[in-house]
Structure formats: structure tokens, C-alpha cells
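These notes concern the structure reproduced below.
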Amino acid sequence: MKIICIGRNYAEHAKEMNAAVPTEPVFFLKPDTAIIKDNAPFYYPDFSKEIHHEVELVMKINKPGKNIEPKFAHKYYDEIGIGIDFTARDIQAKCKEKGLPWEKAKAFDGSAPIGKFIDKKNLKDLNDINFQLTINGKVVQKGNTKDLLFSFDTIIAYVSTFLTLKKGDLIYTGTPEGVGNVEIGDRLQASIENEKLLDFQIK
Ligand code: MG
């Protein structure tokens with residue numbers, strides 16, 4: 001399986017990164033070795049001094065697809081989860097400065113913790129999903145899918161023009177504003193509509 005991540009999909013986050021608001025989806029990949037499941041801890045890597053949390057809603061692809069039309073995109077995912085797109089911001093800044101790819105800042109081991117998934121039928125409106133991240137009990141990021149620049153269906157249509165989607169692929173749909181540092185000892189908890197789906201520690 002592969003992990004596809006959408007960048008700058010909330011205008012307020014693009015602004016806090018001093019990045020332009022994109023006119024078409026921006027995406028990058030993480031390998032399956034980035035996944036952390038079952039609330040296992042994240043081990044702070046030696047190569048960075050600035051690991052940022054980015055809480056994101058995640059679609060789980062349920063069947064293969066290529067060149068998917070937007071009107072059929074909803075048939076390619078049944079479940080929504082929540083995860084963290086950990087980013088070594090110090091390394092990313094250096095890569096950006098030199099115009100180099102970001103992979104080592106984004107795709108490292110453990111950079112994609114993922115929580116439990118819920119059936120999308122249990123969500124009233126996919127364009128009005130509340131989600132949030134707390135660190136040590138304090139809310140640090142809050143988002144709602146009404147603020148997405150590119151909807152779930154638009155993302156699937158766009159990405160599938162370049163990459164064949166396969167069953168089990170995950171699509172991280174972008175982070176709202178409020179990204180920031182994590183520290184060893186922190187406890188991160190993420191929820192969708194007040195249902196806690198991810199709960200782990202930084203070690
Ligand atoms: Mg992200």
C-alpha cells in the first residue's frame with residue numbers, strides 16, 4: 001500500500017507556512033514504513049530538532065481505480081480516519097530553500113500515525129466534519145472539512161489521473177492551521193466529532 005498526502009489543503013495553514021494557496025491539489029507520498037498503528041508510541045528521531053504535528057483526516061481506498069471521475073469518487077472510500085502527518089520542519093525548510101524534494105522531512109519511519117477508522121455513513125455530512133488534536137489535554141489544532149480547498153472527491157479524481165489507487169491506500173487530506181512542535185513525553189489525542197480515534201505518546 002501507499003500513503004498519499006495532500007499539502008496546503010486549508011487556506012489558513014498555507015498562510016501560516018507563508019505558502020501560496022494552491023490552485024490545484026499538491027500531493028506527495030510516504031512509504032508503508034511511515035505507518036504507526038494501534039496507538040504505538042512515536043520515537044523522536046535524532047536527525048531533527050523540530051518535529052511538527054499536522055492532524056489530518058484520512059480516506060481509506062476500498063478498490064483499485066485510475067482516472068476516476070469526480071462524480072464516482074465517493075465509491076472509492078467507505079471509511080474515514082484521523083492521523084498525523086509528522087514533518088521534520090527544520091529539514092523541510094532546508095529542502096525548500098535549495099529547491100530539493102521534501103521526502104526526508106516527510107516520509108521517515110513513523111511519520112504517519114493512524115487511528116481507528118469510522119464508516120463514513122456514520123458522519124452526517126462529509127463537507128462538515130469537525131476534527132481536532134490535543135496535546136497533553138490542550139486543543140492545538142481544530143479543523144472542519146467545510147474549509148477544505150479540495151474536497152475528498154476532487155482529491156481522488158485528481159490523484160488518480162497520475163497514480164493508480166489500490167485497495168488499502170491511505171490519503172491524508174491536509175492539515176488545518178495550528179501546526180507546531182511536539183516534545184518527548186507529549187501525549188497526542190485526535191478525534192473526529194468528539195470520538196477519540198488516536199491516542200499515543202512521543203518517546
Ligand atoms: Mg500535511
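Indexing begins at 1, ligand by ligand and atom by atom, following the structure's order. All figures in this text were calculated on a predicted structure; none of them were measured in a lab.
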Do K60 and Y77 have side chains that get closer than 4.5 Å, going by heavy atoms?
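The answer is no; the side chains never approach within 4.5 Å.
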Hydrophobic clustering (ILVMFWY, side-chain heavy atoms < 4.5 Å, transitive) - are F131 and L188 grouped together?
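Yes, it is one cluster - the side chains of L188 and F131 are joined through contacts under 4.5 Å.
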Atom of [X] nearest the Mg ion (ligand 1) (restricted to N/O/S, atom name only):
{"X": "E56", "result": "OE2"}
{"X": "D85", "result": "OD2"}
{"X": "E54", "result": "OE1"}

Side chain of S160, backbone of G65: donor and acceptor closer than 3.5 Å?
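Not confirmed, S160 side chain does not pair with G65 backbone.
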Name of the residue among Q132, E54, H53, E56 meeting side chain to side chain donor-acceptor pair (under 3.5 Å) with Q141:
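Testing Q141 for a side chain to side chain donor-acceptor pair (under 3.5 Å) against Q132, E54, H53, E56 leaves exactly one candidate, H53.
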